[in-house]
Amino acid sequence: MTNNRLAEFDHQWQTITRGTVDVLPEEDFQQKVKDSLAGKRGPLRIKQGFDPTSPDIHLGHTVGIRKLRQFQELGHQIVLIVGDFTSMVGDPSGQSATRPKLSYDEIMKNAETYQDQFFRILDKSKTEIRYNGEWFKEMSFAEIMELATKFTVARILERDDFSKRFKAGVAISIHELFYPLMQGYDSVAMKADVEIGGTDQTFNLLAGRTIQEAFGVEAQAILTMPILVGLDGVKKMSKSLGNYIGIEESAREIFGKSMSIADDKIYEYFELATDVTLEKLEEIKKSLSNPDVNPMLIKKELGEKLVEMYHPEGSGKAAREEFERVFSQKKLPDEIPEMTVADLEKIEIDPSKIFLVHLISKAKMAKSGSEARKLIKAGAVTIDDDKITDVDHEFELTGEMILKVGKRRFLKLID
RNA sequence: GGUGGGGUUCCCGAGCGGUCAAAGGGAACAGACUGUAAAUCUGUCGGCGACGCCUUCGAAGGUUCGAAUCCUUCCCCCACCA
């Protein structure tokens, strides 16, 4: 190897391994990179699969996607597998129970929104997207059985979540056991050189190696990324737990949600969800351990960074100012949803005699009338800064009125 | 296939003929305090223009003045046996 190429290898390897948990098997992986650099093989095919079980990509997903982006910048080929077929199985990873199955239509709808969101981070022209239904739909039963011979029950039961469920006597359906096999087969079909995933995917990724070898394909190297904890600071970030920040969310939402991150998770978010430099990370670590620095300030910085990753430059600062105005100074936000007399009539509310409970529920500021009543009783509702606690409250719309429900739901009524 | 246990509101889990919209905990949501952090305290936690009414306790029937609670059938889960 020439010095030049050696330097290039070091650079690549450093980039590849930054922020990862496991890189396995390391020597194999390094060899692949070296061979690729030496022109003995093409760019590496880096695979990651996504099951479109919800329409939004959140920061948890971006940990892997941003790693893919780095590979892309190093000149490698990204292969995204949209698990239209595997979604129907539902990966039981980390789940204590069988997942509910989604309909094919729902999955395909989600898959579409996924694509757009991927390309907010990845370079579209250098990305191959494949749906795994492409090969699974065509499989005969004989082929499925053939696939099933490549793995044993004992090995499947090594997987932590399966063995726990098994011991605890929680149902495991046969089809769930197939999930690792299917994911592995994706790697066969795609001839993946590397597959990346969260640490909860380690088993599946390794299974991929076994399956590939069984089908006479070179085994992939695997690379795992840390799991980003959700806003609750405890569980994995996920849509179904509602503890996520979606990348399509408004600047205001992203900033606001960032502010609710637990203090001891601030560093983690900087490390896993932003692109700040290593030096900056060190600085943050120091500030966080300095008792004289209010962690809130660092969190605000995090919020700005996160907003700017998915919104135009300057929007982070704007979101911060807006936040400070609304929550610290309790002033009104910049933009408040508005309703005119015509809008009110549309939702069957008479502007001359507005029944507050109906307004709140019909304007979707609460799930139901009962919910609206509860909020009123709890003292969460104000009209023009006057707290209303009478559940029978009625009023007439005159001029402009500001209705506030809880801390963050505002509505401007216009006569 | 047999025997026994079980399926309760978002989750866990009590209830085992009326006082049950269903104990307790968790989650969540609001209020106070704050930094939309944590901790703490308080309240709410099926729906309805509501001191009443309607719909819920795996599903469908039945017994009863009255059922989450009893009976029948069915579906599902678990344990042991085969």
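First the proteins, then the strands, lettered A, B, ... as listed; each starts at 1.
- With C1' as the reference atom, B:C70 and B:C76 are 22 Å apart, rounded to whole Å.
- Heavy atoms of A:L297 sit nowhere under 4.0 angstrom from any nucleic acid atom.
- Figure legend: A:K285 and A:Y267 shown as a cation-pi pair, the cationic atom lying under 6.0 angstrom from the six-membered ring centre and within 45 degrees of its axis.
- Within the model, atoms CD1 of A:I227 and CG of A:L272 stand 9.5 Å from one another, a figure rounded to the nearest 0.5 Å.
- Computed from coordinates, the A:I360 CD1 to B:C48 P distance equals 13 Å when rounded to whole Å.
- Ring to ring, A:F395 and A:H393 are close: their centroids are under 6.0 angstrom apart.
- Residue side chain A:E324 does not reach the base of B:G35 through any donor-acceptor N/O pair under 3.5 Å, judged by distance alone.
- A:K239 contributes no side-chain N or O that, together with a main-chain N or O of A:P55, makes up a donor-acceptor pair within less than 3.5 Å.
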Within the 4.0 Å limit for protein heavy atoms, which parts of nucleotides 24-34 of chain B are touched? Write it as a string from 5' to 3', B for base, S for sugar-phosphate only, - for none.
------SS--B
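- The same atom, P, is picked in B:A68 and in B:C81; the two are 38 Å apart, to the nearest Å.
- Partner assigned to B:A38 is none, using Watson-Crick or G-U wobble distances below 3.5 angstrom.
- Between the P atoms of B:U19 and B:C33, the separation comes to 41 Å (whole Å).
- A straight line from CD of A:E348 to P of B:G49 spans 12 Å, rounded to a whole angstrom.
- Across every strand in view, B:G4 sits in a pair with B:C78 that passes the Watson-Crick or G-U test at under 3.5 angstrom.
- Pair assignment for B:A14: none, as no Watson-Crick or G-U wobble contacts are both less than 3.5 Å.
- Remark: B:A28 base-pairs with B:U44; criterion is Watson-Crick or G-U wobble with both hydrogen-bond distances under 3.5 Å.
- Taking atom NZ of A:K299 as the reference point, atom P of B:A38 lies 7 Å away to the nearest angstrom.
- Comparing B:G15 with B:G6, their C1' atoms sit 15 Å apart, to the nearest whole Å.
- For the atom pair NE2 (A:H311) and CZ (A:F255), the distance works out to 12.5 Å, reported to the nearest 0.5 Å.
- The partner of B:G49 is absent, by the rule that a Watson-Crick or G-U pair needs both atom distances under 3.5 Å.
- Checked against the 6.0 Å centroid criterion, the rings of A:F85 and A:W135 do not qualify as a close aromatic pair.
- B:C48 atom C1' lies 8 Å from atom CZ of A:R373, rounded to whole Å.
- Rounded to the nearest Å, the gap between the P atom of B:C65 and that of B:C51 is 31 Å.
- To the nearest whole angstrom, the two P atoms, one in B:A27 and one in B:U34, are 23 Å apart.
- When the P atom of B:G49 is taken as reference, atom CG of A:D392 falls 11 Å away, rounded to whole Å.
- The shortest distance between the side-chain N/O atoms of A:S368 and the OP1/OP2 oxygens of B:G47 is below 4.0 Å.
- When the C1' atom is compared between B:A14 and B:A21, the two are found 15 Å apart, to the nearest whole Å.
- When the C1' atom is compared between B:U55 and B:C48, the two are found 11 Å apart, to the nearest whole Å.
- In this structure, NE2 of A:H358 is placed 12 Å from C1' of B:G47, rounded to the nearest angstrom.
- For B:A50, the O4'-C1' to base torsion is within 90° of 0; the nucleotide is therefore syn.
- Between the NZ atom of A:K377 and the P atom of B:C51 there is a distance of 11 Å, rounded to whole Å.
- Both tests do not hold together for A:K280 against A:F270: distance to the six-membered ring centre under 6.0 Å, angle to the ring axis within 45°.
- Crowding of A:Q329 atom CD: a count of heavy atoms from other residues, nucleotides or ligands under 6.0 Å exceeding 12.
- For the pair A:P295 and A:S370, nearest-nucleotide mapping onto RNA chain B gives the more 5' position to A:P295.
- Note: CD1 (A:I349) to C1' (B:G49) measures 12 Å, nearest angstrom.
- Going from atom NZ of A:K32 over to atom CD1 of A:I16 covers 12.0 Å, rounded to the nearest 0.5 Å.
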